[in-house]
Structures are given as C-alpha cells and as structure tokens.
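Working notes, beginning with the structure itself.
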Amino acid sequence: MSDLAVHACRSLCSWHRTPAELDGLPLLACRGCGSQWVRSEPWTPIDHTGRIPDEVRTEIEQR
C-alpha cells in the first residue's frame, strides 16, 4: 500500500473526497491540514465540528 500524507491537526478539519485514488480506493483529504484517508484505515476522520462527514460515512459503509 502507498503511504498517506499525515500532518499535525490544526483544528480546521474539513474532509472531502479528492479526484485521486490510492491503491484503488477513493482518496479523501482534509482541507485544513492536507492529511489523507482511505476506508481501509482503522480510524475515522471527523470535521472540526466533531461530525463525521457524509463522504466519509459513504466510504465507511463499504468497509
């Protein structure tokens, strides 16, 4: 598996799907810090509001 970008949280989290894929999975990225996530990761991204974004929920349902 390729490496994901991981950066320190700046409490500006806003997770969105990108046009890219990583190892065949849709790649989501945080607009606040640039960290990346795919559904095979064992953790779940949340926005700065504490809410799981709809795009993340869609990916989690496919785990």
Side-chain angles (χ1 to χ4, degrees):
M1 178 172 204
S2 301
D3 292 331
L4 295 171
V6 179
H7 304 283
C9 184
R10 297 176 12 202
S11 298
L12 302 170
C13 300
S14 180
W15 289 90
H16 299 275
R17 187 171 175 169
T18 71
E21 289 187 350
L22 182 67
D23 296 332
L25 296 174
L27 182 68
L28 284 77
C30 177
R31 290 184 182 161
C33 72
S35 291
Q36 300 173 324
W37 179 83
V38 291
R39 68 176 170 247
S40 60
E41 289 295 301
W43 55 281
T44 302
I46 60 171
D47 279 348
H48 68 282
T49 61
R51 184 179 168 276
I52 299 172
D54 292 339
E55 292 171 321
V56 172
R57 286 184 191 277
T58 298
E59 288 302 304
I60 290 171
E61 291 171 359
Q62 297 181 49
R63 280 186 176 157

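- The two residues Pro26 and Val38 make their nearest non-hydrogen contact at O-CG1, 3.5 Å.
- In terms of modelled atom types and a separation under 3.5 Å, the side chain of His48 and the main chain of Cys13 share a donor-acceptor contact.
- Judged as a side-chain contact (heavy atoms from CB on, under 4.5 Å), and not counting sequence neighbours, the contacts of Arg57 are Ile52, Asp54.
- Side chain of Gln36 to main chain of Ala5: a donor-acceptor pair is present (N/O by atom type, distance under 3.5 Å, no hydrogens or angles).
- Closest heavy-atom contact between Pro53 and Ile46: CD-CA, 4.2 Å.
- Residues Cys33 and Cys30 share a closest heavy-atom pair of N-SG, 3.6 Å.
- With sequence neighbours left out, Ala8 forms a side-chain contact (heavy atoms from CB on, under 4.5 Å) with no residue at all.
- The ring-ring contact (aromatic ring centres under 6.0 Å, His included) pairs that include a residue from residues 8-35 are Trp15-Trp43, where partners are two or more places apart or lie in different chains.
- Each salt bridge (Lys or Arg N to Asp or Glu O under 4.0 Å) pair with one or both residues in residues 27-40, not counting sequence neighbours, appears once here: Arg39-Glu59.
- Looking at residues two or more places apart in sequence or on another chain, you find a side-chain contact (heavy atoms from CB on, under 4.5 Å) between Thr58 and Gln62.
- Going from atom CG of Leu28 over to atom CD of Glu55 covers 6.0 Å, rounded to the nearest 0.5 Å.
- One finds the CG atom of Leu27 at 6.0 Å from the CG atom of Leu22 (value rounded to the nearest 0.5 Å).
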